[in-house]
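Read through the structure below, which is laid out as structure tokens, and then see the notes.
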Amino acid sequence: MPRLFAALLAALLIAPFTLAQDPPKKEEPKEEKKPADKKKEEDSPLPRVAHIKLSGSLDEGATDDEPMGGSGLRAMLDRINKAAKDDKVKALYVELGSLDIGFGKVHELRKAIADFRKAGKKAFAWAEGLDNKSYLVALACDSVTLPESGGLEVIGLRAEVMFYKEGFKLLNLEADVLKMGKYKSAVEPYIADKMSDENREQIKSMMDDNFDHELVACMVAGRPNLKLTAKQAEEVIDNGPYTGKKALKLGLVDSLQYQDEFEAGFAKAVGVAEVKVERNYAKPKAASKGILDMLAPKTRTETKAPKIAVIHVVGGIDSGKGGWSPLSGSTVGSDTIIEAIREAEKNDKVKAIVLRVDSPGGSALASDLIWRELKICKKPVVASMGDVAASGGYYVTMTAKKVFAEPGTITGSIGVFGMKIVTGGVYEKFGLKTEVVSRGKNSGAGSSLGKWSESERKALTETVEDVYDQFLSKALAGRQANGQKMTREQLEALAGGRVWTGRQAKANGLVDELGTLDDAVAYAKKEAGIDPKQEMELLMLPKPTSFLDNLMEGGMPFGLSLTAELKAVPGADKVLKGLAPLLVAPKDRVRMAMPYVIEWK
């Protein structure tokens, strides 16, 4: 019935658009460009400058070619790579907006731009204003330009942890928690009013590592003319933010120009008389379609060429199909990932699998089911970590023949917890009374009315301890299989829910190599016995779903505008994330999840 209702609702919503999508066309004279003129424009001998705009979250995973295609991370990297190989392209024009990404994606973009420049071509960056992440990407280019009214806000790193315990008291709410690992701080905001020593230690450790290697070191390397020492770079950061004029005076940017002035200088910069700026270079153009075409499932024609399947584990990990919530964002379901693994396994054209993880974890059960499917997969599996691959996101990589992390990836977090929000006090505050009839000593284990009883807590603690033991055992087996000489005691010292940067994880043996997704793909080719020089198609999985697919699966696509407006309020996004466990009950009681609060601002 829910699906039938969803289908009827969709039909009612779509009908008005369907009736009006093809109005009678008026016969009006059109001045169409002659085919010869169009061909002349395409075959113009003018050197090209490939324009690419980088902004937003640059989502991972497979995306539709239309109408939003070409804007995800993989698409951006492919477009930069294509420009490097395009003989007509003499330079790259990187227009930077605000980047809501982690240091993993920053590293991927910097590497792609560096590879472009290795091809003997120049890269120019322009932005209205620059902050930490966008400035680091800009520093990978030959020059950095702002308008006179622009600014440079490179002011260091900051992690803000919000605590809800006292606020819960005002609402008569309480969190009941079971956890394994003294560093497992995902539940800390609900049971404390300040940061624990262990959580402060791990956040400070990762922040220091990223500050020294991602921010300071990149500034020193990116401004060679200034010959900055690390200490001088720190002083520059401490004295920010800067106006465009001050940034230019200090040599932090190369010029102050409005966009039209900046673009007018390309020809001189590449040593030619004239150039053509190809805007949104290599971005697929959206075709004009009716509303039903846009909402319908997308189909793609698959070639017969050999492939590497890239399976994306993006977002929190849950049982079932996963989906999207206005509060907690996107989740990836174990059913969806298992289907993708099986599809890659059955496809004769797929020679190896790269598991691309950008996830803070989630359900222990769902993570384990994904782990098992990868374990029994007969094709080579290599793992690549993005911005985050922690807790359950780390767990699923433990069957891979090699695990690659970005230097700034947040990873590890080998720990487990169980939590429920006790709502009985809220009901009492509003005069609501609940009477219970039960049979079974531990029948209230899943009830939100009260805290766990002594008997329930004992039984659930044994469950959490058992899951933690599984986590340690499977992580140790994975590390040892990949040649890491690690004992159980050594792993336990690195576990306890503690999170690490990719650099720290590599030094501690928690991952095998530092590298990008392309590095992982190259290794997967090697494992599959494919010539390293052979170009391989990437089969992106899971395949994207349409609006109607999500609706029929019980997704909730409505309320998006309201949520976007709430998130635009300073600090509101953090509150929404914090309250998500209260308002969106997890499907599985035992969780492997990283502290969501670790965001470097």
Electrostatic pair D100-K133, nearest N-O below 4.0 angstrom: no

Hey, is R74 close enough to E108 for a salt bridge, meaning N to O under 4.0 Å? no

Give me the one residue out of I370, D368, I376, L369 that meets side chain to side chain contact (heavy atoms under 4.5 Å, CB included) with R372. I376

Going by atom types only, do H312 and E60 share a side-chain donor-acceptor pair under 3.5 Å? no

Salt bridge present between D335 and K321 (N-O < 4.0 angstrom): no

N508 side chain near W500 side chain, heavy-atom distance below 4.5 Å: yes

When you compare the side chains of N199 and E188, does any donor N or O come within less than 3.5 Å of an acceptor on the partner? yes

Are side-chain heavy atoms of V354 and L517 found at a separation under 4.5 Å? yes

Considering only NZ, NE, NH1 and NH2 on the basic side and carboxylate oxygens on the acidic side, decide whether E456 and K458 come within less than 4.0 Å. no

Are K169 and D193 within salt-bridge range, i.e. N to O under 4.0 Å? no

D59, L109, L54, L73 screened by side chain to side chain contact (heavy atoms under 4.5 Å, CB included) with I101, the one that passes: L109

Side-chain contact, heavy-atom cut-off 4.5 Å: V403 with R479? yes

Looking at OH of Y183 and CZ of R498, how far apart are the two atoms once the value is rounded to the nearest 0.5 Å? 4.5 Å

Report yes if the side chains of E492 and L472 come closer than 4.5 Å at any heavy-atom pair, otherwise no. yes

With heavy-atom distances below 4.5 Å as the criterion, would you say the side chains of S413 and M592 are in contact? no

Can you tell me if E428 and T434 form a side-chain donor-acceptor pair at under 3.5 Å? no

Separation of D466 CG from S473 OG (nearest 0.5 Å): 9.0 Å

About how many Å separate CG of L460 and CE of M419, when rounded to the nearest 0.5 Å? 14.0 Å

Distance, nearest 0.5 Å, that separates CG of D176 from CD1 of I421: 9.5 Å

Taking atom CG of D131 and atom OG of S98, what is their separation to the nearest 0.5 Å? 5.5 Å

Quick check against the 3.5 Å criterion: does K420 have a side-chain atom that pairs as donor or acceptor with the backbone of G450? yes

Can you tell whether the side chains of K184 and E198 come within less than 4.0 Å, N to carboxylate O? no

Sidechain-backbone polar pair: T409 side chain, G386 backbone, donor-acceptor under 3.5 Å: yes

Mind telling me whether F471 and Y395 have parallel, tilted or perpendicular rings, with 30° and 60° as the class edges? perpendicular

Side-chain heavy atoms of W371 within contact of K474, under 4.5 Å: yes

Beyond-backbone contact of K165 with P189, side-chain heavy atoms, under 4.5 angstrom: no

Hey, are the side chains of L541 and E343 touching, using non-hydrogen atoms and a 4.5 Å cut-off? yes

In Å, rounded to the nearest 0.5 Å, how long is the span from NZ of K543 to OG1 of T336? 13.5 Å

Kindly check if the number of other-residue, nucleotide or ligand heavy atoms within 6.0 Å of CD (Q484) is above 12? yes

Pair S334, S319: side-chain N/O donor-acceptor within cut-off below 3.5 Å: no

